[in-house]
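Following: one structure in structure tokens, then a few remarks.
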Amino acid sequence: MNKKETIVAGIRASGQPHIGNYLGAMKQFVELQESNRCFFFIADLHSLTTPFDPKSQRANALDIALDYLALGLDPDKSILFLQSQVAEHAELAWIFNCITPLGELERMTQFKDKSQNTKTESINAGLLNYPVLMAADILLYKPSGVPVGEDQLQHLELARVIARKFNSHFGDTFPLPKAVSNKETLRIKSLSDPEKKMSKTGDEALLIVDSPEEIRRKLKKAVTASAADGSAPGVENLLLLLGQFGSAEDVNKFHAAIKDGSIRYSELKDLLAERVIEYFKPFREQRAKLAANPASVLEILAEGARKAKVVASETLREVKEKVGLL
Ligand code: ATP
Ligand code: MG
């Protein structure tokens, strides 16, 4: 990737991030800011599409801002803001709604999945129009790349469809954004069921905010049993984590012990626990500091919104002119 590409990424504020979220997504975001112009928004309008409680809505948005800032997202290097504080997102989404064929939205896998699992009376139009808002979120900043997980690729493709359609009807306006995928898409497995991925909604996950005691407790219980075919996905998962949070030396030592049969899983778990505790220590300290001063976090978000608005309002002005709004 060239230096100073424009990157836009949405952050879902849904529940406490676990180490899978960190290694699979959050860590890359923080790295991207070093050589790119990054717009990171907390997708608080998107979270209104599924049932929510206003109190936790507010708390979740602040929590995730705290997490990212404490992980090293630097307001001097990247722009962090709340989607709802830059009104251009919703305004562009409306204009895009009016050029998006209904059929395109109805065939989106996420809409089909979510609407099938929800009672008909609680499926709202926002759930259907979610990808249109996402197209607006992205295209407002005319990025070259969007880091998205596999589950969002279809929505990114729709954003490209909308961009193409807009360009062909109203003249060249939006460059087509590419998906930026993680160098090595790490998939961290559940500690108690290593056949499944670690997940917010699944079995107890190892959270990035966990205290040293919690980290030790959760890792002690991690499954290491071998499967019938001799494979041990739980052990592989722990070694993968040790490689991420510890050193190559740490990992080699255990690989050697597996080979010569002297492996003791309790030692692997203990060392991993200490490495994870150490790794997230600065994060925990920084997070506690920021949490003690929520006003400073709100100010960072407000300042981020002001900066994002400069770019977003320019794009919206161009769009309105092209579609004939006075
Ligand atoms: P849910 O169970 O509600 O889907 P989740 O744990 O999958 O929650 P998401 O909010 O869906 O978390 O995902 C946030 C980001 O973290 C996405 O980019 C996703 O690809 C990544 N991610 C989620 N789980 C893992 C995992 N186990 N290993 C690596 N990356 C992950
Ligand atoms: Mg998920």
Side-chain angles (χ1 to χ4, degrees), residues 7-32 38 40-53 56-57 59-61 63-68 71 73 80 83 108-118 127 130-131 134 137-138 145-156 177-210 218-219 222-223 233-234 236-245 272 276 279-280 283:
I7 301 283
V8 176
I11 296 170
R12 283 211 311 168
S14 59
Q16 297 276 13
H18 49 73
I19 54 168
N21 298 139
Y22 173 72
L23 293 173
M26 303 173 90
K27 189 173 174 219
Q28 280 77 19
F29 281 18
V30 179
E31 287 165 0
L32 279 169
C38 293
F40 295 123
F41 65 93
I42 296 169
D44 56 351
L45 294 176
H46 280 288
S47 47
L48 304 181
T49 58
T50 44
F52 66 94
D53 151 43
S56 28
Q57 169 81 3
N60 287 346
D63 266 341
I64 198 79
L66 279 174
D67 287 336
Y68 271 93
L71 285 174
L73 211 112
L80 176 67
Q83 182 186 31
M108 291 289 120
T109 316
Q110 182 177 299
F111 174 70
K112 287 199 273 190
D113 288 351
K114 288 202 178 172
S115 54
Q116 264 159 20
N117 296 329
T118 317
L127 194 61
Y130 181 114
M134 182 166 152
D137 296 332
I138 296 169
V146 185
V148 282
E150 214 188 332
D151 55 335
Q152 293 298 319
L153 278 176
Q154 198 184 29
H155 291 165
L156 179 61
K178 297 184 302 285
V180 180
S181 49
N182 305 342
K183 325 178 245 325
E184 53 202 57
T185 345
L186 285 176
R187 264 290 176 257
I188 305 305
K189 299 294 183 353
S190 154
L191 296 176
S192 51
D193 182 358
E195 302 291 338
K196 293 200 209 123
K197 80 168 195 73
M198 186 177 284
S199 148
K200 285 172 187 158
T201 39
D203 312 318
E204 193 177 55
L206 189 57
L207 306 179
I208 63 172
V209 292
D210 275 343
K218 289 182 181 177
L219 283 171
V223 166
E236 278 165 34
N237 193 40
L238 296 179
L239 286 170
L240 174 66
L241 291 172
L242 190 60
Q244 293 295 316
F245 298 119
L272 177 58
V276 174
Y279 188 95
F280 286 107
F283 163 76

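As the structure lists them, so they are numbered: ligands from 1, and atoms in each ligand from 1.
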Original post:
Is there a donor-acceptor contact under 3.5 Å linking the side chains of D53 and S56?
Top reply: yes
Subject >> Donor on one side chain, acceptor on other, E204 and S192, under 3.5 Å >> reply: no
**OP:** Take I11 and L80, measure what side-chain contact (heavy atoms from CB on, under 4.5 Å) needs, and give me the verdict at the end.
**Re:** CA-CA 10 Å; I11 296 170; L80 176 67; 4.2 Å; yes
Subject >> Any residue meeting side-chain hydrogen bond (donor to acceptor under 3.5 Å, both in side chains) with D151, in chain and number order, not counting sequence neighbours >> reply: none
Subject >> Every residue of the protein that comes under 4.0 Å of ligand 1, judged on heavy atoms >> reply: R12, H18, G20, N21, G24, A25, L186, R187, I188, K197, M198, S199, K200, T201
**OP:** Return the set of residues passing side-chain hydrogen bond (donor to acceptor under 3.5 Å, both in side chains) with T109 (not counting sequence neighbours), or none when no residue passes.
**Re:** Q154
Atom pairs and distances, side-chain donor-acceptor, residues 15-22, under 3.5 Å, sequence neighbours left out:
{"unit_1": "H18", "atom_1": "ND1", "unit_2": "G20", "atom_2": "N", "d": "3.0"}
{"unit_1": "H18", "atom_1": "ND1", "unit_2": "N21", "atom_2": "N", "d": "3.1"}
{"unit_1": "H18", "atom_1": "NE2", "unit_2": "N21", "atom_2": "OD1", "d": "3.2"}
{"unit_1": "H18", "atom_1": "NE2", "unit_2": "N21", "atom_2": "ND2", "d": "3.3"}
{"unit_1": "N21", "atom_1": "OD1", "unit_2": "H18", "atom_2": "N", "d": "3.0"}
{"unit_1": "Y22", "atom_1": "OH", "unit_2": "Y279", "atom_2": "OH", "d": "2.6"}

